Amino acid sequence: MNWGGASEFFSMGGYGVYVWGSYGITAALIGFESWLTLRRRQRALRDALQAASAEAQR
Amino acid sequence: MTNMNGQRLRLFTFAAPSRFYSLSGSLLPWLWAAAALLAATGLYIGFFVAPTDAQQGESYRIIFIHVPAAWMSMVVYLAMAGWAAIGWIFNARMASMLARALAPSGMVFTLIALATGSFWGKPAWGTWWVWDARLTSELILLFLYVGYIALVEAIDDVRRADHAGALLAIVGAINVPVIYFSVRWWNTLHQGATITMNAAPKMQSTMLTAMLLLTFAFWAYAFAVVFVRARAIVLEREHDAEWVRGLAFATRNSA
């Protein structure tokens, strides 16, 4: 175990801004990309369903 | 039908968008789970098992995401250029769709590599950015991804857009070896390769384990998110196809 406590863990030996900044921006980018991509597929499926229903009613 | 024709048919069936759609769908839960599990294990080892670095203190812990992201930014580019080339040469629709699906993920990995590099450069070198060969060529990689996406989105004719994108991706691939060897070819602030094929790694084994686990996590994530995006592209492009309609109705009836 490297850390004496939570505050020691978060300060990262004085490099907290850089370490947590790196991990924070990585998490944000990956989260944002996942959200956008999953939403895009859901929309594509919904649009395909609407197109197919419209075609079936004609 | 002869046996040979039958085999050829089967080969092309696997490359068909419908086949890709169902195959990737069954793999996706495993890929997301693998990404989460590998990332959790890698982060635990990286922060709680790997010791403090003698020279850089705790700031070195950025390496666990910086190096894997930089690797992914190059690997994804080569995959994108490769699929784009296959899609162009063999007129294979699914290959072109995969190339398009890879581009935004490659761009995200490049952004992560640049941003974490900047956060590491400040404490290590005293500057957020320096115009040296490694950093500049990685920035060019970002512009190549952005240029590829802008180009294929700007052309309305889908197949013409695929071909134009393929040309850009193939020409731009020359930048990948430039990034990789830049630390050897030019004098640079950036340190040399962390891991090479012909030498033992210069890192402590727990540090290396954490970095490799996060590399595998990024691989699993890349497969997952690219598959999801490729499935969206398949649905968008093939919405008139019989199998997509069948799928749409099956989804509605099960909901």
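Below, chain A is the first sequence line, B the second, and so on; all start at residue 1. If you're wondering where the values come from, they're calculated on a predicted model, not measured in any experiment.
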Test item: B:Arg61 and A:Asn2 side chains (from C-beta on) under 4.5 Å apart, heavy atoms | yes
Other residues, nucleotides, ligands: >12 heavy atoms within 6.0 Å of B:Trp30 CH2 = no
The reported gap from CG in B:Leu235 to CD in A:Gln42 (rounded to nearest 0.5 angstrom) is 11.5 Å
Between A:Leu36 and chain B, which part of the residue has a heavy atom less than 4.5 Å away: side chain, backbone, both or neither?
-> neither
B:Ala232 versus A:Ala44, closest heavy-atom pair with distance = O-CB, 3.7 Å
Is there side-chain contact between A:Ile25 and B:Ile112, with at least one heavy-atom pair below 4.5 Å?
-> no
Side chain, backbone, both or neither of B:Phe218 within contact of chain A (heavy atoms, under 4.5 Å) = side chain
Given that the side chain runs from C-beta out, which part of B:Ser118 has a heavy atom under 4.5 Å from chain A: side chain, backbone, both or neither?
-> neither
Check whether the side chains of B:Glu58 and A:Tyr18 place a donor and an acceptor atom closer than 3.5 Å, and report yes or no.
-> no
Specify whether A:Phe9 and B:Phe47 have parallel, tilted or perpendicular ring planes, treating 30° as the upper limit for parallel and 60° as the lower limit for perpendicular.
-> perpendicular
Just wondering, more than 12 heavy atoms not from B:Tyr21 lying within 6.0 Å of its OH?
-> yes
Greatest number of heavy atom pairs closer than 4.5 Å to chain B - which of A:Ser34, A:Gly16, A:Ala48, A:Ala51 = A:Ser34
Over 12 non-hydrogen atoms of neighbours within 6.0 angstrom of CG in B:Asp156 | no
Ranking B:Arg229, B:His66, B:His239 by heavy-atom pairs under 4.5 Å to chain A gives rank one to B:Arg229
Which region of B:Phe64, side chain (C-beta onward) or backbone (N, CA, C, O), has a non-hydrogen atom less than 4.5 Å from a non-hydrogen atom of chain A, or is it both or neither?
-> both
Considering only heavy atoms from C-beta outward, does the side chain of B:Phe109 approach that of A:Glu33 to under 4.5 Å?
-> no
Between B:Glu236 and A:Arg41, does a salt bridge (Lys or Arg N to Asp or Glu O under 4.0 Å) hold up when you go through it step by step?
-> CA-CA 9 Å; B:Glu236 287 160 7; A:Arg41 198 201 73 90; over 6 Å; no
Let me see the working for B:Ile62 and A:Tyr15 under side chain to side chain contact (heavy atoms under 4.5 Å, CB included), right down to the final yes or no.
-> CA-CA 10 Å; B:Ile62 296 169; A:Tyr15 295 114; over 6 Å; no
Is the closest side-chain heavy-atom distance between A:Leu49 and B:Arg245 below 4.5 Å?
-> no
Examine whether an atom of A:Leu45 lies under 4.5 Å from a heavy atom of chain B, and if so say whether it belongs to the side chain, the backbone or both; otherwise answer neither.
-> both
Between B:Gln56 and chain A, which part of the residue has a heavy atom less than 4.5 Å away: side chain, backbone, both or neither?
-> backbone
Has B:Trp83 got more than 12 heavy atoms of other residues, nucleotides or ligands less than 6.0 Å from its CH2?
-> no
In terms of heavy-atom proximity below 4.5 Å to chain B, should A:Ser11 be classed as side chain, backbone, both, or neither?
-> neither
Choice from A:Ile30, A:Leu38, A:Leu29 maximising heavy atom contacts with chain B below 4.5 Å | A:Ile30
Nearest heavy atoms of B:Ser59 and A:Val19, plus distance in Å = CA-CG2, 4.0 Å
Relative to chain A, which segment of B:Ala50 carries a heavy atom at a distance below 4.5 Å: side chain, backbone, both, or neither?
-> backbone
